[in-house]
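No hydrogens, no waters, no symmetry mates; every other heavy atom, side chains included, goes into these values. Owing to the predicted nature of the structure, the values given are computational and were not obtained by experimental measurement.
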Amino acid sequence: MSKILKGTMILTGATFLSKFLGMIYTVPFEQMVGPEGMELYFYAYTPYNILLSLSTLGVPMAVSKFVSKYNSLEDYQTGRDMFKSGMQLMGITGIITFLILFLCADPIAQLSLSNEDTTASSEDTAMVIRMVAFALLIIPSMSIIRGFFQGNESMAPTGVSQVIEQVVRILFLLVSVYVVLNVFEGTIPTAIGFSTFAAFIGGIASLIVLIVYWKKRKPYLDRQLDSQEYTYDLSRKDMFKELISYAGPFVLVGIATPLYQLIDQFTFNKAMSAAGLGDISGASLSAIHVLSHKLVIIPVTLGIGLSLALLPAITKSFTKQNMVQLNHQINQALQIVALLIIPAVVGLSVLSYEAYGSFYGVENVDYYGSLLRWYAPVGLLFASYTVSAAILQGVNRQNFALVSLGAGLFIKTATNFWFIVLFGAKGSIISTGLAVLIALSLNLWRIHRGIQFSYKPVFKRSLLILILTSIMAGVVWVVKSGFGLVWNPLEDRLAALFILLISAGVGGLLYMWMSYQTTLLERILGGRVRIVDKFLKRR
């Protein structure tokens, strides 16, 4: 199995599990805190995610690229020096961004809320923003350790620490919310404050895991240092100069999704009020960006896992000017995204009402399910954008990410208010989808121009994937419609869950069977897929 595929499987598996847990916990969480709590939760996490990316300055992923580059040149000392300097830098930026978010909580809260038709207060919103700010003190330093391990093509520390961080965070969140509301009979804002503080607790748990891995791997890393014969002996100034040239675009890519959400945070309530829909504004906002996003992010985890595993391998091939291998790696990455994410988002769109009803209840599911149906395809665009940005960075065209993201944000800003007034809450989704599509198209164009990359193999495989996905979607529609004749998923949560599991199971098995029979799996994932033949013959 190729290193890129192995790394992708490790990181994608860990990220998938982490995101799956992040989706599952919203079921009891939403039941405890309701729409008011979910709205507050969104207001806290969007600026936090942006400042988290700014606090790291893109350094963890840039360190991954930096370490991979100098390891390929057999200069391990330079990578180690960068790691030490980066840790010091992350400690400083973490403190600075903590102070910014903590001290600016009031104006952020006031900008987030419309003057009318909202259940959240400015004081409550500011409080939950301050509580989540504490995570900025620890997560930047933690994330740079992940970047160093990834640069050494060691994906397990990142994967395991992600899962442990999520488990500890969720446990603290659910227990603290339950205790606040049911034991001390506290308020919803207080409970949400503790739920956002859980990010800090999870970060501590993840850091402990990474320290254990560091102590375990350090003897091997030290042997690499002892065996090297030459070092470029870069000064700290030269190291940071090179690192910043990598890191800038990483910041923008890391905050792409939160920036789109921030535009909604500052304009959505006002636009909905202008459209005469202010009474459902807060609930609609949390339904899109918290509840639906938790479901849509599951397919997107592949894009995130791919981008993390992809970067060191592409950087190494580009550094050595091995263009044949580089083109193969890029082709494989894009085809894996198409293979897994296209059917996932189409299936989620077809089963949007059942999925939303199963996880969050059937109250108003006809409205919220329609928002999920519109939002699901945006997941494919976000995943593809993340992977395309990682490819740009791997082939040293990272500065173009400034152009593509800027274009996307311009489209989002220019169309968001207008689309919401015209189409209601789904106008926000249409605006986001259009913006990310334009940014993705620009990235793909730059990859083609930068290394003369041909998309012909990707287009050919994607066409077959679309055909198989269409067949799958048709079968899923028939199955869910058949069960819907005798059991209404819009009125019964158990019916929604049953139809979701049966329909998704049938669709998933059918798609994988068709992909296997047409040799699509083998051509994208490699010949090892044919091990299934031996199993079938034994049967």
Exercise for the section: Kindly assign one of parallel, tilted or perpendicular to the pair Tyr455 and Phe453, based on the angle between their ring planes and the thresholds 30° and 60°. Expected result: perpendicular
Exercise for the section: Using the test salt bridge (charged side-chain N to carboxylate O under 4.0 Å, His left out), find all partners of Arg169 that sit at least two apart in sequence or belong to another chain. Expected result: none
Practice task
Without swapping roles, check the side chain of Asp264 against the backbone of Ser428 for a donor-acceptor pair under 3.5 Å.
Solution key: no
Handout entry: Test applied, side-chain contact (heavy atoms from CB on, under 4.5 Å); reference residue, Val180; option that passes from Ile192, Thr187, Thr190
Key = Thr190
Practice task
Fit a plane to each ring of Phe382 and Tyr260, take the angle between them on a 0 to 90° scale, and name the class: parallel (under 30°), tilted (30 to 60°) or perpendicular (over 60°).
Solution key: tilted
Problem - Lys412 and Leu259, any side-chain heavy atoms less than 4.5 Å apart - result: no
Handout entry: Any donor-acceptor N/O pair, Ser384 side chain to Leu380 backbone, under 3.5 Å
Key = yes
Exercise for the section: Flag the pair Lys294 and Glu30 as a salt bridge only when some basic side-chain nitrogen lies within less than 4.0 angstrom of an acidic carboxylate oxygen. Expected result: no
Practice task
Using the six-membered ring wherever Trp is involved, compare the ring planes of Phe400 and Trp445 and label them parallel, tilted or perpendicular (cut-offs 30° and 60°).
Solution key: tilted
Exercise for the section: Check for a donor-acceptor pair, side chain of Arg130 on one end and backbone N or O of Val128 on the other, with a separation under 3.5 Å. Expected result: no
Exercise for the section: For the residue pair Arg523 and Thr518, confirm or rule out a side-chain donor-acceptor distance under 3.5 Å. Expected result: no
Problem - Check: Phe42 main-chain N/O paired with Thr46 side-chain donor or acceptor under 3.5 Å - result: yes
Handout entry: Side-chain touch Phe172/Val177, heavy atoms, less than 4.5 angstrom
Key = no
Practice task
Evaluate the side-chain proximity of Phe423 to Trp418: yes if any heavy-atom separation is below 4.5 Å, no if none is.
Solution key: no
Handout entry: Heavy atoms of other groups near Phe20 CZ, more than 12 under 6.0 Å
Key = no
Problem - Chi angles and distances behind the ring-ring contact (aromatic ring centres under 6.0 Å, His included) call for Phe197, Phe200 - result: CA-CA 6 Å; Phe197 186 72; Phe200 175 74; 5.4 Å; yes
Practice task
Could you tell me whether the side chain of Arg373 and the main chain of Ser352 form a donor-acceptor pair under 3.5 Å?
Solution key: no
Problem - Flag if over 12 foreign heavy atoms under 6.0 Å of CD, Glu363 - result: no
Exercise for the section: Determine yes or no for a side-chain-to-main-chain donor-acceptor pair under 3.5 angstrom, with Lys426 supplying the side chain and Ile420 the backbone. Expected result: no
Handout entry: Pair Phe417 and Phe268, ring centroids less than 6.0 Å apart
Key = no
Exercise for the section: Any chance you could measure Leu490, atom CG, to Asp366, atom CG, to the nearest 0.5 Å? Expected result: 6.5 Å
Handout entry: Any side-chain heavy-atom pair of Leu291 and Tyr368 under 4.5 Å
Key = no
Exercise for the section: Answer yes or no: is there a donor N or O on one side and an acceptor on the other, between the side chain of Ser121 and the main chain of Asp124, under 3.5 Å? Expected result: yes
Handout entry: Any donor-acceptor pair under 3.5 Å from Ser292 side chain to Ala287 backbone
Key = yes
Practice task
Ignoring hydrogens and angles, tell me if any N or O in the side chain of Ser286 forms a donor-acceptor pair with the backbone of Ala283 under 3.5 Å.
Solution key: yes
Handout entry: Side-chain touch Leu173/Tyr41, heavy atoms, less than 4.5 angstrom
Key = yes
Problem - Student check: side-chain heavy atoms of Gln265 and Pro47 closer than 4.5 Å - result: yes
Handout entry: Sub-4.5 Å side-chain heavy-atom contact between Glu354 and Leu351
Key = yes
Practice task
Please test Ser358 against Arg493 for side-chain hydrogen bond (donor to acceptor under 3.5 Å, both in side chains), starting from the C-alpha separation and ending with a verdict.
Solution key: CA-CA 6 Å; Ser358 297; Arg493 188 171 187 173; over 6 Å; no
Practice task
Verify whether the ring centers belonging to Tyr48 and Tyr45 lie closer than 6.0 Å.
Solution key: yes
Exercise for the section: For the residue pair Met272 and Ser284, establish whether any side-chain heavy-atom pair is separated by less than 4.5 Å. Expected result: yes
